[in-house]
Amino acid sequence: MKRSGAWLARVSVGLKADVLDPQGKVVRGALGELGFSAVQEVRVGKHFWVRLRGSLSRPAAEREVRRMAARVLINPVIETFTFTLSRAG
């Protein structure tokens with residue numbers, strides 16, 4: 001069975017809920033000073049876009065993303081991650 005296109009993983013990394021985010025507090029303060037009064041909290045994170053071989057099955061691609069995130073992309077002591085996986089265009 002021929003596979004279409006590569007997989008595109010969008011990995012979002014952020015601090016765990018119980019870890020203080022001083023950078024987020026600074027951003028929240030700046031937004032408040034600029035008149036964005038509805039903002040209650042800001043958490044700062046990072047994103048990775050990772051392209052994987054299209055020949056991988058979806059379960060294999062998901063396993064690869066979980067492995068790379070746990071081993072390289074995050075610090076598991078203070079960070080957590082979520083990801084989406086789709087076929088690249």
Side-chain angles (χ1 to χ4, degrees):
M1 174 166 119
K2 184 178 177 180
R3 305 260 184 211
S4 61
W7 290 106
L8 180 60
R10 292 176 179 91
V11 184
S12 297
V13 177
L15 294 171
K16 290 182 177 181
D18 59 342
V19 175
L20 295 176
D21 186 354
Q23 188 177 7
K25 287 186 183 221
V26 169
V27 172
R28 184 197 177 281
L31 290 170
E33 289 176 15
L34 292 171
F36 295 98
S37 59
V39 177
Q40 293 182 319
E41 182 182 23
V42 174
R43 302 286 287 178
V44 175
K46 54 191 169 187
H47 295 279
F48 298 90
W49 289 265
V50 181
R51 189 176 299 266
L52 300 165
R53 285 193 323 267
S55 60
L56 293 173
S57 67
R58 174 175 285 276
E62 289 173 350
R63 282 192 302 273
E64 252 334 73
V65 172
R66 284 188 186 95
R67 284 182 53 233
M68 72 177 72
R71 293 184 67 192
V72 178
L73 303 181
I74 72 165
N75 175 345
V77 174
I78 62 169
E79 294 175 317
T80 188
F81 73 95
T82 59
F83 70 93
T84 60
L85 187 65
S86 59
R87 288 289 184 180

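Since we're looking at a predicted model, the values are computed, not measured.
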Is any side-chain heavy atom of Arg53 closer than 4.5 Å to one of Trp7? no
Summary of side chain to side chain donor-acceptor pair (under 3.5 Å) pairs that have at least one residue in residues 10-28, sequence neighbours excluded: Arg10-Ser86, Ser12-His47
Do Val13 and Val27 land in one hydrophobic cluster if side-chain heavy atoms of ILVMFWY residues count as linked below 4.5 Å? no
What pairs of donor and acceptor atoms, side-chain ones from residues 62-77 against any protein atom, are under 3.5 angstrom apart with sequence neighbours left out?
residue	atom	partner	partner atom	Å
Glu64	OE1	Arg67	NH1	2.7
Asn75	OD1	Val77	N	3.0

So CG of Leu15 and OG1 of Thr80: to nearest 0.5 Å the spacing works out to 10.0 Å
Report yes if some heavy atom in the side chain of Leu8 is under 4.5 Å from a heavy atom in the side chain of Arg87; otherwise report no. no
Hey, quick one: are Val44 and Leu34 part of the same hydrophobic cluster, counting side-chain heavy atoms closer than 4.5 Å, chains of contacts allowed? yes
Please give me the minimum heavy-atom distance between Leu52 and Ala61, naming the atom from each residue. CD1-O, 3.9 Å
